[in-house]
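Below is one structure, written out as structure tokens; the observations come after it.
All ligand and atom numbering here is 1-based and tracks the order in the structure.
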Amino acid sequence: MAQRSFIVIGAGVIGASVAFRLAQGGAKVTVVEAGDIGRGTSCNSFAWVNAHDKSPRAYHDLNVAGMAAHKHLAKELRGDWYYESGCLEWRGAADREAHVANVGRLQDWGYNAQWITADQALSFAPSIDPAALGESPVAWFPDEGWVDTTSYVRGLLAAASALGTTVVTNARVTGVECAGHKVVGIKTETGTSYRADTVVNCMGRWADDPVLPNELQVPMSPSYGLLVYVQAPGVHLNRVLFTPHCHVRPDASGMLLICKNDAIHALGPNYVIDVAMPEANALIQEASKIIPALASMRASEVRLGIRAIPADGLPAIGPFPGVDGYYVAITHSGITLAPAIGSIVAAELLNEDSEVTLSAFRPDRLITAP
Ligand SMILES: Cc1cc2nc3c(=O)[nH]c(=O)nc-3n(C[C@H](O)[C@H](O)[C@H](O)COP(=O)(O)OP(=O)(O)OC[C@H]3O[C@@H](n4cnc5c(N)ncnc54)[C@H](O)[C@@H]3O)c2cc1C
């Protein structure tokens with residue numbers, strides 16, 4: 001049988017995972033990336049591996065598959081990117097009922113979610129101020145963790161390259177080449193054309209970029225997240241903390257990473273993301289309610305993450321309706337999902353069987369065929 005050929009647009013966690021599994025399946029793969037590898041949302045992410053609060057059930061199950069795939073992949077490639085640290089969660093009084101209900105639901109679904117005492121929580125993360133826990137029950141999720149995403153993307157693309165994949169960086173795709181209702185290739189801003197049997201769009205939050213013809217865009221609903229890195233000498237934290245104030249975890253840089261979902265809502269035209277921005281210090285002060293030593297510390301680095309969220313919040317993964325030779329893989333929670341999506345998508349594209357179905361996440365629920 002002739003070797004199948006694929007162009008993967010985008011070298012984030014999703015593109016790197018899809019490219020690696022396609023190459024492993026014997027395909028000829030070319031990855032085309034607008035910038036440097038892994039510099040999109042994947043390196044501006046909290047990168048917590050979890051299936052903690054994901055609905056509906058099919059989305060939870062896909063995230064559980066992602067968690068299992070991380071363990072497997074890190075062993076398969078001897079990767080140093082996956083940290084199975086476990087996660088501690090507690091909530092404020094207003095959210096306590098919802099917290100108890102969510103943990104109960106997760107337990108009913110067979111997810112490894114345990115109630116632990118405050119003393120146990122403090123033994124897992126001694127730098128936490130006992131007062132921060134208040135009266136809240138504390139949940140412990142031993143199978144959760146986090147990923148050093150730069151190392152992940154580099155590791156997967158190195159493995160894909162060893163299998164013959166070509167990775168082209170600093171080459172923004174500016175057009176898709178079609179023959180009737182079939183996509184046959186792409187062209188980049190330098191005017192270079194690439195041809196393949198199938199183009200796989202792994203452009204993340206740029207999936208609705210006007211460089212794509214209107215009819216090949218995925219409707220998106222992005223949101224912002226602020227990520228504050230702090231050098232915190234003397235603070236030892238080995239877990240992910242999911243708290244009423246913010247999320248905190250260790251990072252491969254040796255710094256602590258602090259994130260809050262609603263720390264930033266909109267960006268004005270003159271918005272500058274840097275260590276002096278008031279939102280960064282406000283986030284550190286929130287984190288100091290959990291780890292008091294942080295109160296006197298300053299941000300070493302601040303990043304803005306823009307989430308790659310398809311319009312209804314769920315992944316959009318599958319053949320593009322009404323267009324041959326064009327497939328999309330766009331999702332939030334992409335750090336958790338990437339290794340599973342890589343395997344499932346490659347199996348589908350290479351006509352192999354997969355144990356996990358993507359039927360709940362097909363793009364045709366968001367897109368009308370042209
Ligand atoms: C603040 C924040 C916190 C998050 N926390 C978590 C979390 O805890 N756990 C979790 O699982 N997920 C989390 N996510 C989501 C996760 O980070 C994303 O779902 C994931 O990074 C998406 O990966 P991707 O490969 O699709 O996108 P990206 O990493 O953005 O990769 C897309 C690539 O496409 C390239 N590209 C774009 N346009 C073109 C073009 N025209 N030509 C060529 N290349 C192009 C870009 O340069 C980019 O490198 C978070 C996201 C944010 C923003």
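- In plain terms, the two heavy atoms of Ser333 and Tyr59 that are nearest each other are OG-OH, 3.0 Å.
- In Cys202, the part holding a heavy atom less than 4.0 Å from any atom of ligand 1 is the backbone.
- Ranked by closest heavy atom to atom 30 (O) of ligand 1, the top entry among Thr41, Ile37, Leu257, Val31 is Thr41.
- Counting only distance, with no hydrogens or angles, the side chain of His70 and the backbone of Ile335 share a donor-acceptor pair below 3.5 Å.
- Evaluated by nearest non-hydrogen atom to atom 9 (N) of ligand 1, the leading choice among Phe242, Tyr224, Trp48, Phe46 is Trp48.
- Heavy-atom separations between His332 and ligand 1 include at least one value shorter than 4.0 Å.
- Here the closest heavy-atom approach between residue Ala113 and residue Val103 is recorded as CB-CG1, 4.1 Å.
- A heavy-atom distance below 4.5 Å is not found between the side chains of Tyr82 and Leu73.
- For the pair Leu122/Ile128, a side-chain contact is recorded, criterion being any heavy-atom separation below 4.5 Å from C-beta on.
- Looking at atom 40 (C) of ligand 1, its nearest protein heavy atom turns out to be Val173 N, 3.7 Å.
- Polar contact with ligand 1: present for Ser45 (N/O pair, distance under 3.5 Å).
- Using a 4.0 Å cut-off between heavy atoms, Thr149 makes no contact with ligand 1 at all.
- Atom 12 (N) of ligand 1 has Ser333 CA, 3.3 Å as its closest protein atom, hydrogens excluded (heavy atom only).
- Shortest contact from atom 34 (O) of ligand 1 to any protein heavy atom: Gly10 CA, 3.3 Å.
- Here the side chain of Arg4 pairs a donor or acceptor atom with the backbone of Leu349 at under 3.5 angstrom.
- In this structure a side-chain-to-backbone donor-acceptor pair under 3.5 Å is missing from Thr174 to Val211.
- Counting atoms of ligand 1 from 1 in the listed order, those under 4.0 Å from a heavy atom of Ile14 are 23 (O), 24 (P), 25 (O), 26 (O).
- Only the backbone of Thr331 comes within 4.0 Å of ligand 1, judged by heavy-atom distances.
- At under 3.5 Å, not a single nitrogen or oxygen of Leu226, backbone or side chain, sits near a nitrogen or oxygen of ligand 1.
- Here Ala329 has no heavy atoms under 4.0 Å from ligand 1, in either its backbone or its side chain.
- Within a 6.0 Å radius of CZ in Arg105, more than 12 heavy atoms belonging to other residues, nucleotides or ligands are found.
- Residue Gln3 places its CD atom among more than 12 non-hydrogen atoms of other residues, nucleotides or ligands, all under 6.0 Å distant.
- Looking at ligand 1, you'll find an N or O of Val13 within less than 3.5 Å of one of its N or O atoms.
- Here the side chain of Arg239 pairs a donor or acceptor atom with the backbone of Phe124 at under 3.5 angstrom.
- For the atom pair Asp108 CG and Arg57 CZ, the distance stands at 9.5 Å (nearest 0.5 Å).
- Not a single N or O atom of Trp206, backbone or side chain, sits closer than 3.5 Å to an N or O atom of ligand 1.
- Checked against a 3.5 angstrom limit, the closest N/O atoms of Ile306 and ligand 1 fall outside it.
- Thr149 places a side-chain N or O within donor-acceptor distance of the main-chain N or O of Ser42, the cut-off being under 3.5 Å.
- Protein heavy atom closest to atom 31 (O) of ligand 1, with residue, atom name and distance, is Gly12 CA, 3.5 Å.
- Considering both main-chain and side-chain atoms, Ser42 comes within under 3.5 Å of ligand 1 through a nitrogen or oxygen pair.
- Heavy-atom distances between Ala308 and ligand 1 stay at or above 4.0 Å for every pair.
- Residue Arg307 has no nitrogen or oxygen atom sitting less than 3.5 Å from a nitrogen or oxygen atom of ligand 1, judged on distance alone.
- Polar contact with ligand 1: present for Glu33 (N/O pair, distance under 3.5 Å).
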Requested in this report: Mind running side-chain hydrogen bond (donor to acceptor under 3.5 Å, both in side chains) on Glu76 and Gln24 for me, showing each step along the way?
Outcome: CA-CA 12 Å; Glu76 181 184 349; Gln24 203 176 38; 2.9 Å; yes

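- Side-chain contact between Trp48 and Phe242 is present, with heavy atoms from C-beta onward closer than 4.5 Å.
- Side-chain atoms of Thr150 and Arg39, non-hydrogen and from C-beta on, do get closer than 4.5 Å to each other.
- Protein heavy atom nearest atom 53 (C) of ligand 1, with residue, atom name and distance: Gly305 C, 3.3 Å.
- Close to ligand 1: Ile9, with a non-hydrogen atom less than 4.0 angstrom away.
- Trp90 contributes no side-chain N or O that, together with a main-chain N or O of Ala118, makes up a donor-acceptor pair within less than 3.5 Å.
- By the 3.5 Å distance cut-off applied to N or O atoms, Arg39 is not counted among the residues near ligand 1.
- Remark: among candidates Pro315, Ala338, Gly334, the nearest residue to atom 20 (C) of ligand 1 is Gly334, based on non-hydrogen atoms.
- Heavy-atom proximity to Ala47, at under 4.0 Å, picks out these atoms of ligand 1: 5 (N), 6 (C), 7 (C), 8 (O).
- Residue Ile335 has at least one N or O atom closer than 3.5 Å to an N or O atom of ligand 1.
- Which of Met203, Met67, His247 comes nearest to atom 38 (N) of ligand 1 through a heavy atom is settled by distance: it is Met203.
- Counting only distance, with no hydrogens or angles, the side chain of Glu33 and the backbone of Ala11 share a donor-acceptor pair below 3.5 Å.
- If you check which protein heavy atom lies closest to atom 43 (C) of ligand 1, you get Ala34 N, 3.2 Å.
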